[in-house]
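As structure tokens, the structure follows; a few thoughts come after it.
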Amino acid sequence: MQSLDPERIEAEWQAYWEEQGIDTLVEDDGRPHYYTLEMFPYPSGDLHMGHARNYTIGDVISRYKRMCGYNVLHPMGWDAFGMPAENAAIKNNSSPAEFTYGNIATQRASLKRLGFSYDWSRAVITSDVDYYRWGQWIFLKFWEMGLVERKSSAVNWCPSCLTVLANEQVVGDGECWRCGTKVQKKELEQWYLKITEYAQELLDDLDQLTGWPERVKQMQANWIGRSVGAEVDFTLLAADGTTTDQTVTVFTTRPDTLYGCSFFLLAPEHPLVKELVAGTPYEKQVAKVVEAAAGSTSIERQGGERQKTGAFTGRYVINPVNGGQVPVWVADYVLMDYGTGAVMAVPSGDERDFEFARQYGLPIPPVVLPENDPLLEELAGVRDRVVEDVKWGQAYSGPGLMVQSGQHTGLWGGKDSEGAKAVIDGLAAMGKGRASVNFRLRDWLISRQRYWGNPIPVIYCEDCGIVPVPVSDLPVVLPMDIDLTRGEGLASRQEFLHVDCPVCGRDARRETDTMDTFTCSSWYYLRYTDPHNADAPFDRAKTDSWLPVDQYTGGIEHAILHLLYSRFFTKALRDAGLLDFDEPFANLLTQGMVKLDGETMSKSKGNVVAPEEVVGQYGADVLRLYILFMAPPDKDLEWSKEGLEGIQRFTVRFWRLVHDLLGLAGEDSLFAGTRAGQPAAEAGGLPAAEGLGAESRAAAERLLRERHRVVGKVTDDIERFNFNTAIAALMELTNTASGYLRVSAAAARAADPACQAADRELAETLVRLIAPMTPHLAEELWQKALGKSRSVHLEDWPSYDAVLARADEVEIAIQVNGKVRARITVPSGAPEDGLREAALAAAAELLAGAAPKKVIVVAGKLVNIVV
RNA sequence: GGGGGCGUGGCGGAAUUGGCAUACGCAGUGGACUUAAAAUCCACCUCCGAAAGGAUUCAGGGUUCGAGUCCCUGCGCCCCUACCA
């Protein structure tokens, strides 16, 4: 027996698998399809432990499903465009392409060293022109469908990355998702994809995603942010108080509180603001609020809450339900990009309005009263406004009785209430309002003022305006010779910038913005089904047969960004007639983080453990098994060197056990450590094993049962991704088998053919069970120790017999009043009646004559006697 | 503020439908082997107790024959999100 040498074994079998092409997909071989996918990495350096975890989980699923008889698509690629490559290029005086492709080579080597079963012939790199040309093609397809829009709006600008960002990429307290710099607001003309057209469907179809974590679905639902309510039109009064024909519309979820509107608010960025105050005494104060809001990145917080500021504009609007004149204010807490940018303030029913009213001395008339409110007696049924100001310490935003609300007084108010409906109906009849649904989701801003990305295929012509690049002119190739260290960008290349207008043929200018990298990752899972297609992004027949992805595995950080964008792309491509399914990922597994001393591993904190290092020291199999064992995949994993070494010990024990079972162990026997050639049991005080005596026969029986039980357990656990307990069960089987070998003499086993066959069968089972997790170790044992000539990874998953897994006898706990007082052993499958009798007999002494009131029998488990 | 999740030995964690709490591993302790150590093997290893026995899944209450699991209250922790009208 050779000693376990991971370095030699792993190199040898990786070469063998590659040469045999066992991971290369053979399409349409008659087996059912299974598509397992892990989120592809960004090539910013070598792989980190989070990648190792993500891809280990995916690899176990892939190998397990293959052994279960599926034709498994298990691809890998790189999300290769983006900022870090630009920054690194400037720092290292090289180019983004050099940096990116260098890291891809490094990561590819690391992935191979970890023994992942990817079909490398299908690798997709998003910065390859053969890939991104189809991203441009899809952009033009979306253009055709009316899903592309160029518009001017207040956008998020990262002053460090020198580019705009999508709403989803502004994180935390208004920071850039990539560099953490405070984002600024800028009014700019940019390219958008109309994801909002799919808002309702993106929300509704979350219900279809039964294989997604509730948490992720909730996060997406919150992000989409559907609110039901109404739009209300307020008529603007001129400066002299006369009526104009101009209206300002608000969105509200509480139309029932409309009678309590005592002031009207505009966002500082609202286009009307300037116009209202121009040349008036109010201009100065209002301008102050507007300016402060523009620099709101530096807003101070007071006691965790922002101080609200605002200013009166000197103008009024008319409340459509009661004709009341309402002062118009500008307030910094009103957001331009939610609703209409204008708000009807109802301070008695909204905490923020309440706070603002108190601060500026504005009235707070009550309109919806909570139960038991002292005002109920005074105001019940009162239609006109008699109380202008409540004495409350805070607003009441719950449901309640409507008062001081004209004809709607006495109705029940609240979100989506009868009162709300009645007010909407009244407004609709007047033509001053309508029921409305508002979404928080904004259109997806996809243009980036960066070089290292997919060029937006658009041309600006002085005569023809904005012209899409004709499909026949694709791809728009990204020039590779841009020198970022000299401050160059796409506009620096005349041959890129200047182009003949596709319509009129005159000199025109190319768009120099590139697309958000998230557009590249929004459809890569489709490309894997047909990665070399030169005529189309993908082939409908292939996507139909492989998608949706059966199992997608990746980090929770993509809960909104990537997963929402991909869902949108899928739906849009479906509507383009290119796909026939609604959702890209049927099942989603979000793996937890890898931590060290309770902190997330990160380069900046300097607390990283590099997978490469661990592989070098312990081997890929040990790293993989450790990652799977230490925590369930969706929980955070605390790194522990001791734990890693424990797993290493287990792999050695497993290795020796298989050899022992086959009679191949010799001096490396599990029990060779104590006295040469003698079972350690002797030293441990057990009688020396002489042959297959009664004790070893009993052990053999136990072992057979355990074999069937553990195969069942490991199968169930892998199906449910409980890899940690699957490994625990394998450890138990290993321990049971060691116990059996300890009490039975090797010579006697070798002399008994039935015994030898059983031992061999067990060894084969063990190797097949561990194969998805430690593929190299398993292959070495399978081919070298067991003498097989075909890869273990092409074998069938072991089967088991539930009947054999059941013990002949089971131990039944006898409880008295719910506490375990005794145990009896009965034949398994004993009938309930018998069990009851046996239990009562066994408990007679304990009961001391007390008559049982009730006896509960749980078959095969326990009997509870209630006295 | 809103939403989601969690709380089990010294540690990571198990308990699949309400049915014997603490599987498996780490750390620790003792033993065998060794001149010795490491490695290996064996045994012990929730707490109190000499033992018999008792207590124990953050705390308190409830439902139930029976609760780590379900319900209520409180405490603590984590994650997401946030002037969203």
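Labels below follow one simple rule: chain letters A, B, ... track the order of the sequence lines, proteins then strands, and each chain is numbered from 1.
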Apply salt bridge (charged side-chain N to carboxylate O under 4.0 Å, His left out) to A:E645 and A:K641, showing your working.
CA-CA 6 Å; A:E645 280 165 358; A:K641 193 170 156 57; 3.6 Å; yes
Does A:F723 form a ring-ring contact (aromatic ring centres under 6.0 Å, His included) with A:F629? I'd like the steps, not just the answer.
CA-CA 6 Å; A:F723 308 113; A:F629 179 66; over 10 Å; no
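Taking atom CG on A:L637 and atom C1' on B:G25, their separation rounds to 13 Å, with Å as the unit. Atoms CZ (A:R442) and P (B:U81) sit 18 Å apart, rounded to a whole Å. If you measure from atom CD of A:E706 to atom P of B:C24, you get 10 Å, rounded to the nearest angstrom. In this structure, A:R352 places its CZ atom 13 Å from P of B:G2, rounding to the nearest Å. When the C1' atom of B:A85 is taken as reference, atom CZ of A:F251 falls 8 Å away, rounded to whole Å. A:L741 has its CG atom 13 Å from the C1' atom of B:C41, to the nearest Å. Per the geometry, NE2 belonging to A:H558 stands 17 Å off C1' belonging to B:C79, to the nearest Å. If you take CZ of A:R720 and P of B:A14, they are 11 Å apart, rounded to a whole angstrom.
For the P atoms, the distance linking B:G66 with B:A15 amounts to 25 Å, nearest Å. Comparing B:C6 with B:G12, their C1' atoms sit 16 Å apart, to the nearest whole Å. If you take atom P in B:C45 and the same atom in B:A37, they sit 25 Å apart, rounded to whole Å. Separation of the C1' atoms belonging to B:C75 and B:C11 is 24 Å when rounded to the nearest angstrom. To the nearest whole angstrom, the two C1' atoms, one in B:A23 and one in B:G74, are 33 Å apart. If you take atom P in B:G68 and the same atom in B:U8, they sit 14 Å apart, rounded to whole Å. Atom name P, nucleotides B:C77 and B:A82: the rounded distance is 23 Å, in whole Å. Using C1' as the reference atom, B:C72 and B:A67 are 15 Å apart when rounded to the nearest Å.
Here B:G19 is the nucleotide among B:A85, B:A14, B:G19 with the atom lying nearest to any side-chain atom of A:L862. If you check B:A43, B:C83, B:G12 against the side chain of A:D332, the one that comes closest is B:C83. The nucleotide whose nearest atom lies closest to any side-chain atom of A:R742 is, among B:C42, B:U40, B:C24, B:C42. Listed nucleotides B:G19, B:G3, B:A15 differ in distance to A:V858; the shortest reach to its side chain belongs to B:G19. Which of B:C79, B:C83, B:A15 sits closest to the side chain of A:N722 comes down to B:A15. Taking the side chain of A:Y338 as heavy atoms from C-beta on, and the options B:C24, B:A85, B:C20, the nearest nucleotide is B:A85. Counting only heavy atoms from C-beta on, A:T725 has its side chain closest to B:A14 among B:A14, B:C42, B:A27.
Across all strands, A:D636 comes closer than 4.0 Å only to sugar-phosphate atoms, never to a base (heavy-atom distances). Within the 4.0 angstrom heavy-atom criterion, base atoms lie near A:V334. Across all strands shown, A:N724 has heavy atoms under 4.0 Å from sugar-phosphate atoms exclusively, and none from any base. Nucleic acid contact for A:Q218: sugar-phosphate only, since backbone atoms but no base atoms lie under 4.0 Å from a heavy atom of the residue. Here A:R649 lies in heavy-atom contact (under 4.0 Å) with sugar-phosphate atoms only. Backbone-only contact: A:N735 has heavy atoms under 4.0 Å from sugar-phosphate atoms and none from a base. When heavy atoms are screened at a 4.0 angstrom cut-off, A:G339 is found touching no nucleic acid atom at all. Heavy atoms of A:E214 sit nowhere under 4.0 angstrom from any nucleic acid atom. The residue A:T253 sits close only to the backbone: its heavy atoms come under 4.0 Å of sugar-phosphate atoms, none of a base. Residue A:K595 is out of contact with every strand shown, counting any heavy-atom pair closer than 4.0 Å. Within 4.0 Å (heavy atoms only), A:R440 reaches at least one base atom of the nucleic acid.
No side-chain heavy atom of A:T247 sits under 4.5 Å from any side-chain heavy atom of A:V317. For the pair A:L637/A:Y626, a side-chain contact is recorded, criterion being any heavy-atom separation below 4.5 Å from C-beta on.
Note on ring orientation: taking the six-membered ring where Trp is involved, the planes of A:W655 and A:H659 are tilted (angle from 30° to 60°).
With hydrogens and angles left out, the side chain of A:K308 and the base of B:C83 share a donor-acceptor pair within 3.5 Å.
A donor-acceptor pair shorter than 3.5 Å cannot be found between the side chains of A:Y740 and A:N735.
Take the nearest nucleotide of RNA chain B for A:E732 and for A:I865: the residue whose nucleotide is more 5' is A:E732. If you find the closest nucleotide of RNA chain B to A:D353 and to A:G646, the one lying nearer the 5' end belongs to A:G646.
In a base pair of the Watson-Crick type (N1 to N3 plus N6-O4 or O6-N4) or a G-U wobble (N1-O2 and O6-N3), with each distance short of 3.5 Å, B:A59 is matched with B:U73. Of all nucleotides present, only B:A32 satisfies the Watson-Crick or G-U wobble test against B:U40, with each distance under 3.5 Å. Look at B:G10: its Watson-Crick or wobble partner, with both distances under 3.5 angstrom, is B:C26.
Ionic pairing of A:R836 and A:D833 is present here: one or more N-O contacts between side-chain nitrogen and carboxylate oxygen are shorter than 4.0 angstrom. Between A:R434 and A:E231, at least one side-chain N (NZ, or NE/NH1/NH2) sits under 4.0 Å from a carboxylate O, which counts as a salt bridge. Taking the charged nitrogens against the carboxylate oxygens, A:E355 and A:R352 have no contact shorter than 4.0 Å, which rules out a salt bridge.
Contact annotation: A:N864 does not reach the phosphate of B:C20 (side-chain N/O to OP1 or OP2, under 4.0 Å). At the phosphate of B:C20, neither OP1 nor OP2 sits under 4.0 Å from any side-chain N or O atom of A:K861.
Classified by its glycosidic torsion, B:G9 falls in the syn category, the angle being within 90° of 0.
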